[in-house]
Protein chains: 2
Amino acid sequence: MTRADLTEREEKILTAVIRDYVETARPVSSSAVVKRSGLDVSSATVRNVMRALEERGLIRQPHTSAGRIPADEGYRYYVDRLMGPVLLPERDRTRLTAELTVLRGHDLATVLTEVSRMVSDVAHQLAVGLEPAVESSVIERMEVVPLDATRCLAAVSMRSGQTRSAVFECASPADRQTAQAATALLNDWVAGLAVGDAEKILATKVGEKDCPFASLLCPLVEQWPALFHFHDSERVHYEGARYMLRHPEFSDDASILGEILDSEEALADLVRGPADPQDVAVTIGGENRRKKMRGVSLIVGSYRVGATVGRIGVIGPTRMRYRRLVGLVGHLSGLLDDFFSSDGTEERR
Amino acid sequence: MTRADLTEREEKILTAVIRDYVETARPVSSSAVVKRSGLDVSSATVRNVMRALEERGLIRQPHTSAGRIPADEGYRYYVDRLMGPVLLPERDRTRLTAELTVLRGHDLATVLTEVSRMVSDVAHQLAVGLEPAVESSVIERMEVVPLDATRCLAAVSMRSGQTRSAVFECASPADRQTAQAATALLNDWVAGLAVGDAEKILATKVGEKDCPFASLLCPLVEQWPALFHFHDSERVHYEGARYMLRHPEFSDDASILGEILDSEEALADLVRGPADPQDVAVTIGGENRRKKMRGVSLIVGSYRVGATVGRIGVIGPTRMRYRRLVGLVGHLSGLLDDFFSSDGTEERR
DNA sequence: TGTTAGCACTCGTATAACGAGAGTGCTAAT
DNA sequence: ATTAGCACTCTCGTTATACGAGTGCTAACA
């Protein structure tokens, strides 16, 4: 159970076990390791080493006298130290950039859905895309327009390029003049603020006695969260459920898929948590907080849209191609960063 | 194979077979039918009748000397003629209305997600909610506001209560004055039109040589579909995948679930097709166009939002509680109709 | 001390045989 | 037309068996 480094030979054998198991999904025998690792040793030697690896908790035996399969800790060691430079075939690279350019000009939800689809297709795994939390998006401009005696249209554009719009009720009628004046005032107050902050500011402003345009602004503030879908708007896009079901580890008991798909919050929580701003975060099996999620691994990357971040990720059995998928997610993170920062500025590459 | 009516006794036996099979998921024996149907006949008699029903294709034997299970045609006969008045327990009724009132004032996507959740919880099935096609929604008002030198915010509100907004690029700068005039003109043109029609009208108008505000309106029209997510905006909300996996018919081979979840279009097509404006449409197993969907049944209802219709539905194995689920979907259709027609007019019940 | 060949042992999987039980289909009696 | 009785069929669970893959161990070797 020491944390010390493995010898080079141990590392090679661990790698071989992982690579082979990822391919075949069956316990890996010592002789298979000999073949794959290229090591010039006998299977007996490999067995000795494997025993050592097992004692360290890196691999395990499903039952006595079976081959070895990687343990969560083994995957962890592999991901952290053995995996080597992440790798994404040129083929996939070009495909991704190509498909992404087509998406220029489309709204964020569409882009994210399509990107999730791309990811799941390339990864052959369940892919998930998380929209940036609009809560911390910075408001560029708001607009309030009267529709009829009791209803107004409100629209917000964020620096991130996201927009929100909704119709809200206001008891007393407002004419266009008033609405324009109110809009101007509103923008003075909230333009340049994050959505979350703006809500607080507005609540105070509107609460004051001499607040102008109160009859218009009060209802707006009251209905703020519902109207703009602000709070729970970290929408999740799934794609590629079919891949999940194809993995032998889930083909008999697919209940995990149900758990994942049905609990947006659970997943959002997971996806939000670990990822570092820049890097790709890998969560392996038992490392997940949710008990239900033990047995699956997550690879999550983030992309910036203005001041906020969204996430893209891949979910699959712990037996997954970490190197390739980390490469994929990382690469796509970068692409999306560019995509959203060059924003509408057309093709600046 | 005659289409003639069944005798009363035959109907009772068919009903018993279906009811029992729906509960137990196991082939129904003649003696079980005797118990359940309340008929005062021997099991031998029931066997004779069952043979007749089998020859008509209403029920079938999984293998020789097993009980009978309903065939698709049997379910069909049951749904069309035997099911009797649809039934939804008072408990569920009140629950639905209660949960629905809480959703007042929330935007359509949120409402639909929550409704799907409610449906799946009550039905214990995979539920699906389809947003109304915005294509045929009637535009109430559009608004164009300049943001900076090259970008404008556009917002549309539909009579249905739906709204769309987006940022678009326009080469030459526009001041607020111009934008207001353009907005006025725009509303003259498209207010009161369906979104789909408005697109065509605008395209012609903008194509004309002396079109005013061309520098502003041209880009708007060009980016119309992408901007407003108009064409492919029949968003699908799924809920309750876990229920699907619990059914014994899918627990071993869950690949169907993958197919359903991954092919939004396939499903949207299905859901769009059959439902009559007012009624609840039931599609049973092999009646589905898509081969992949044989083995599952659909119950679909519609709700009106202004001039457009959306759908809610339930997907499950053919072995489902048709009476209850038709009741549920029908009831909810009505509730949603009211919900959206009383629109923002607060509590008019 | 590390490595390896050889071999006995373990354990899962596949296959067949078997019995029990459920349910039908048929026949003959009512 | 209905039904009691009975033989027949088919599934399912259990047990026995053989097979094979793979290990762990021991002893020999560099």
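Chain letters run A, B, ... following the sequence lines, proteins first and then strands; every chain starts at 1. Remember, predicted model here, so these are calculated numbers, not experimental data.
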* Partners of A:R95 by side chain to side chain donor-acceptor pair (under 3.5 Å), sequence neighbours excluded? -> A:E99
* **Interface limits on DNA chain D, where chain A has a heavy atom under 4.0 Å of a nucleotide atom** => D:dG22 to D:dC25
* Asked: Side-chain contact, heavy-atom cut-off 4.5 Å: B:F250 with B:V296?
  -> yes
* Who passes salt bridge (Lys or Arg N to Asp or Glu O under 4.0 Å) against A:K35, sequence neighbours left out? -> none
* With sequence neighbours left out, write down each residue that passes side-chain contact (heavy atoms from CB on, under 4.5 Å) with B:S255, or none if nothing qualifies. => B:D253
Using the 3.5 Å cut-off, write out each protein N or O paired with an N or O of nucleotides 14-20 of chain C and the distance between them.
none

* Asked: Do any of residues 17-48 of chain B sit with a heavy atom less than 4.0 Å from DNA chain C, and if so which?
  -> B:V28, B:S29, B:S30, B:R47
* Structure fact -> Applying side chain to side chain donor-acceptor pair (under 3.5 Å) to B:H124 and not counting sequence neighbours gives none
* To do: Could you tell me the separation between the CD atom of A:Q61 and the P atom of C:dG12, rounded to a whole number of Å?
  => 11 Å
* Asked: Can you list the residues that meet the side-chain contact (heavy atoms from CB on, under 4.5 Å) rule with A:E11, with sequence neighbours excluded?
  -> A:L6, A:Y77, A:L82
* Asked: Excluding sequence neighbours, so at least two apart, what forms side-chain contact (heavy atoms from CB on, under 4.5 Å) with A:S297?
  -> A:I284, A:T318, A:M320, A:Y322
* Structure fact -> So the salt bridge (charged side-chain N to carboxylate O under 4.0 Å, His left out) pairs with at least one residue in residues 322-331 of chain B (sequence neighbours excluded) are B:D92-B:R324
* **Partner residues of A:R47 under the side-chain contact (heavy atoms from CB on, under 4.5 Å) criterion, sequence neighbours left out** => A:S30, A:S43, A:A44
* Which comes earlier along DNA chain D counting from the 5' end, the contact point of B:S65 or that of A:G67, where each point is its nearest nucleotide? -> B:S65
* Could you pull out all residues at least two apart from A:D40 that satisfy side chain to side chain donor-acceptor pair (under 3.5 Å)? => none
